[in-house]
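Note that the structure is predicted; figures quoted are calculated from it, not measured. To find a chain, count down the sequence lines: A is the first, B the second, and so on, and within it residues start at 1.
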Amino acid sequence: MNKSVFTENMNNKQVEAITYGDGAMLILAGAGSGKTRVLTHRIAFLIKKKSVHPSEILALTFTNKAANEMKERVENLIGPAANTMWIGTFHSMCLRILRTHCDKIGLGSNFVIYDTSDQKELLGDCISELNLDDKIYSYQYISKIISNSKDKSMDPETFRALNLGNHKLEKVADIYDLYSRKLLKNNAVDFDDILSFTVKILEKNKSVKDFYSDKFKYVLVDEYQDTNNIQYRLVKILSKKHGNLCVVGDDDQSIYGWRGANFENILNFESQFKQVKTVFLEQNYRSAKKILEAANNVISKNILRKNKKLWTESDNEGTLCTFTARNEYAEAQFIVEKIKDLIKKDKMEYKDFAILYRLNSLSRVLEDTLLSAGVPYKLFGGLKFYERKEIKDIIAYLRVIINPDDNLSLKRIVNFPRRGIGNISLADIERQAAMRDETILETMAVSGSIPELSKNASKYEKFVEMIFVLRADSAEMPVSKFVEKVIDSTGIMDAYVNSGKIENKARIDNIKEFVSAAVEFEKQSEDKSFESFMNNLALVTDLDSLDSEEGAVTLMTLHSSKGLEFPVVFIAGVENSTFPMSRLDGSVEELDEERRLCYVGITRAKNHLYLTCTKTRTVYGKTVVTGPSEYLSDIPAELIEDLSNEHLGADYDKRYQGSEAHWDKTPKNPGSPWHASASPRTHIPKDKTMFEGTGRIVNSVEQLNNMKKVSDDAFETGNKVEHRKFGIGVIEKVFKDSGDELLEIQFDKAGKKRLMAAYANLKKI
DNA sequence: GGACTGGAGATTTTT
DNA sequence: TCTCCAGTCC
């Protein structure tokens with residue numbers, strides 16, 4: 001095999017990245033610049049040209065989908081030798097290490113993994129057990145703090161010590177502490193634990209650390225901009241010995257900051273590692289010229305970023321169209337007609353189309369319209385397969401069977417199907433179990449000898465027996481047969497079949513689908529054990545099954561679209577207050593991230609991009625006035641073809657005429673309407689209510705007053721201001737930037753923030 | 001245990 | 001507007 005096999009048809013930068021020798025390397029790969037290709041070819045190059053053994057390579061991704069794709073592509077390049085390579089998600093890699101060494105942190109090797117909804121349930125238990133108000137200590141609030149703490153490897157005691165004197169946070173420390181103890185008692189871990197426990201093991205055990213850091217001579221990380229602190233530490237530990245760390249990412253595509261991703265990891269990579277080689281991949285192989293130029297224009301407004309600019313050699317201009325619809329129904333209708341049009345005229349297929357949006361709630365009208373037009377679609381998001389009640393029930397049974405300590409799962413299924421073990425009985429058992437320091441199942445097993453429980457002991461013991469019979473079976477049967485047996489002998493299937501309710505038809509189908517998943521697992525997986533099936537189960541998501549082969553239009557959020565591409569992309573709801581979202585706090589970080597989301601959306605498109613917005617939209621039952629997003633005016637007018645007028649005579653326009661807001665007399669400017677007028681946010685309808693730029697529903701009069709106040713006195717250094725989320729603070733610096741004011745504010749409680757004056761909704765006080 | 005009701009809340013979610 | 005929840009009644 002000669003070198004050209006790995007570098008054939010590659011540009012110079014790509015070749016540089018693929019063939020670079022030892023040391024740390026940062027590959028800044030713009031959207032559509034062929035980064036997966038570079039990554040897989042670099043792996044192949046290392047193995048074939050540098051004689052690195054595949055087992056010495058660790059490649060980390062964020063999704064199973066990306067991992068599988070990479071595995072497959074490397075296999076295509078070097079053959080089955082690729083099998084001994086560790087290619088997987090951060091979580092699957094850590095899980096592998098954790099299973100081997102979990103005894104070092106007091107965890108049984110049959111521990112189960114709690115997903116987000118299990119976590120929510122367990123936290124709910126903790127909050128009620130501590131007699132705290134779940135409105136004040138909401139799941140969102142608590143889970144974020146706990147997740148952040150785990151990301152920083154901060155245990156409950158340390159968290160408490162750091163927040164002494166703060167009543168609320170001390171209570172949070174109580175919750176965090178109880179939650180951790182419950183997890184340990186149930187022999188369970190949450191998603192964050194998988195990473196933080198692994199780091200803990202590596203940091204505390206030199207022999208374990210030496211083993212893995214010796215083993216992995218080359219570490220490669222995909223989507224590096226999405227790593228959080230713990231992932232950074234993990235990568236640092238594992239690559240320290242050999243120093244061969246190659247990370248690929250794009251700071252402009254960092255859209256998961258709100259979930260703990262720290263995109264400073266990629267911005268600071270060069271200072272955090274020694275002698276870093278940096279390669280910029282800016283040549284784009286995906287999008288037509290107009291689309292690329294639009295993307296560049298939108299993203300260039302961001303403040304914190306590595307300066308890159310995508311370019312293409314392609315002559316294809318592509319199309320970039322906008323459409324302003326009367327309301328969301330007309331918007332959906334426009335999209336449907338465009339799809340039909342392109343299929344007819346350009347011989348495109350349904351699978352070539354994607355409709356993207358900022359909020360899942362926008363999908364409904366789109367769905368309705370596609371459905372009634374007979375356009376097949378595939379929707380992502382919403383209730384996920386593995387989060388459906390019936391599936392969670394089966395999983396709960398399987399978990400109790402594999403790990404009888406799992407009280408959370410046991411409580412879920414002990415009385416489903418009905419066994420006459422209701423809440424009162426269960427509370428009795430729990431109380432006894434706590435007193436005897438046993439698990440619920442243990443207590444149930446001996447309930448005959450406990451006076452307080454003896455009345456119903458036969459029911460309890462029968463349940464225990466059923467679990468243990470199944471437990472014995474699990475070791476002897478193929479997984480799919482075993483799953484069938486569980487569904488059968490526990491009576492789950494019967495419960496749904498016999499209920500006679502129509503809505504249970506879907507549940508029954510889902511249960512069958514679950515069995516198919518087990519069959520599929522047996523076919524695909526090397527390790528076909530029950531344990532392996534359960535591991536796999538905990539880390540799979542619906543996204544893994546995403547493929548555009550089935551002739552259907554794809555509907556998904558902008559977030560889920562990252563990493564995908566489509567010949568035709570529609571982005572719906574490109575309006576102020578929807579995108580960027582009005583409830584943002586106005587910080588530079590959030591606004592930048594929102595803009596990156598727009599950039600991600602635009603760069604999904606290959607040939608045709610349609611950006612649509614509405615004049616009114618019904619949000620939570622209230623019809624609200626909307627205006628075009630600022631992102632639209634960031635795109636040079638000459639790139640855009642506005643189709644708003646073209647469709648005036650279409651019948652859908654008549655059909656929805658009745659819903660035209662009475663105040664709406666906006667002249668239909670030819671060309672690009674939002675370029676002509678001043679800021680769209682200054683357009684004030686005579687309607688009673690509207691959405692203000694910053695998202696509150698306000699009275700028009702109040703709105704006018706607010707605007708006056710802002711224009712009357714601009715913010716100055718030294719001003720004391722109030723922010724609805726951060727509280728009171730003092731302006732320390734004012735930066736003027738093309739009309740917008742960037743304020744650096746020291747808040748009393750929230751610390752220093754940089755906010756955009758136009759968004760932050762600040763009140764001078 | 002199930003049916004009913006009133007009230008609050010309603011981003012984005014790779015694992 | 002819709003959906004999810006806790007609380008109430010039978």
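- Using a 4.0 Å cut-off, some side-chain N or O of Asn64(A) falls inside it from OP1 or OP2 of dT15(B).
- Computed from coordinates, the Lys135(A) NZ to dA6(C) P distance equals 8 Å when rounded to whole Å.
- Between Ser361(A) and dT11(B) there is no side-chain N or O to OP1 or OP2 distance below 4.0 Å.
- Remark: P of dT12(B) and CG of Leu356(A) are 15 Å apart, rounded to the nearest angstrom.
- Across dT14(B), dT11(B), dT15(B), the shortest atom-to-atom separation from the side chain of Leu539(A) is found for dT15(B).
- The distance between atom CD of Gln140(A) and atom C1' of dA8(B), rounded to the nearest whole Å, is 13 Å.
- Taking atom C1' in both dT3(C) and dT14(B), the straight-line distance is 27 Å, to the nearest Å.
- Residue contacts for Gly563(A): at a heavy-atom cut-off of 4.0 Å it reaches no nucleic acid atom on any strand shown.
- Straight-line distance from the CD1 atom of Ile230(A) to the C1' atom of dT14(B): 17 Å, rounded to whole Å.
- Under 4.0 angstrom from either OP1 or OP2 of dT11(B) there lies at least one side-chain N or O belonging to Tyr620(A).
- Asp190(A) has its CG atom 16 Å from the P atom of dT15(B), to the nearest Å.
- Phe90(A) comes within contact range of no nucleotide atom at all, as no heavy-atom separation falls under 4.0 Å.
- Residue Arg259(A) places a side-chain atom within donor-acceptor reach of the base of dT15(B), judged by atom type and a 3.5 Å distance cut-off alone.
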Begin with the C-alpha distance, continue with both residues' side-chain angles, and end with the deciding distance and a verdict on side-chain contact (heavy atoms from CB on, under 4.5 Å) for Val219(A) and Val247(A). CA-CA 8 Å; Val219(A) 177; Val247(A) 305; over 6 Å; no
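- Nucleic acid contact class of Asn360(A) (heavy atoms, under 4.0 Å, all strands): sugar-phosphate only.
- Checked against a 6.0 Å centroid threshold, the rings of Phe269(A) and Phe263(A) do not count as neighbours.
- Distances shorter than 4.0 Å separate some side-chain N or O of Arg418(A) from OP1 or OP2 on dG2(B).
- The aromatic ring centres of Tyr212(A) and His101(A) sit less than 6.0 Å apart.
- For Asn228(A) and dT14(B), the shortest distance from a side-chain N or O to OP1 or OP2 is not below 4.0 Å.
- Judged by closest nucleotide on DNA chain B, Asn415(A) is the one of Glu593(A) and Asn415(A) placed further toward the 5' end.
- Not one side-chain nitrogen or oxygen of Ser92(A) sits closer than 4.0 Å to the OP1 or OP2 atom of dT15(B).
- Atom-to-atom distance recorded for Thr198(A):OG1 and Gln231(A):CD is 11.0 Å, nearest 0.5 angstrom.
- Taking only side-chain atoms of Phe62(A), from C-beta outward, the nucleotide of dT12(B), dT14(B), dA10(B) with the closest atom is dT14(B).
- When rounded to the nearest whole Å, the span between OH of Tyr386(A) and P of dT15(B) equals 12 Å.
- Under the stacking definition used here (centres under 5.5 Å, planes under 30°), the residue Trp258(A) qualifies as stacked on the base of dT12(B).
- Within 6.0 Å of NZ on Lys200(A) lie no more than 12 heavy atoms contributed by other residues, nucleotides or ligands.
- In this structure, the CD1 atom of Ile194(A) is 15 Å from the P atom of dT14(B), given to the nearest Å.
- dT11(B) shows a glycosidic angle within 90° of 0 and is accordingly assigned syn.
- Interatomic distance, CD of Glu594(A) versus OG of Ser629(A), reported as 9.0 Å (0.5 Å rounding).
- Separating the CG atom of Asp226(A) from the C1' atom of dT12(B) is a distance of 13 Å, rounded to the nearest angstrom.
- Among the protein residues, Arg364(A) comes within range of the sugar-phosphate backbone only, with heavy atoms under 4.0 Å from sugar or phosphate atoms but none that close to a base.
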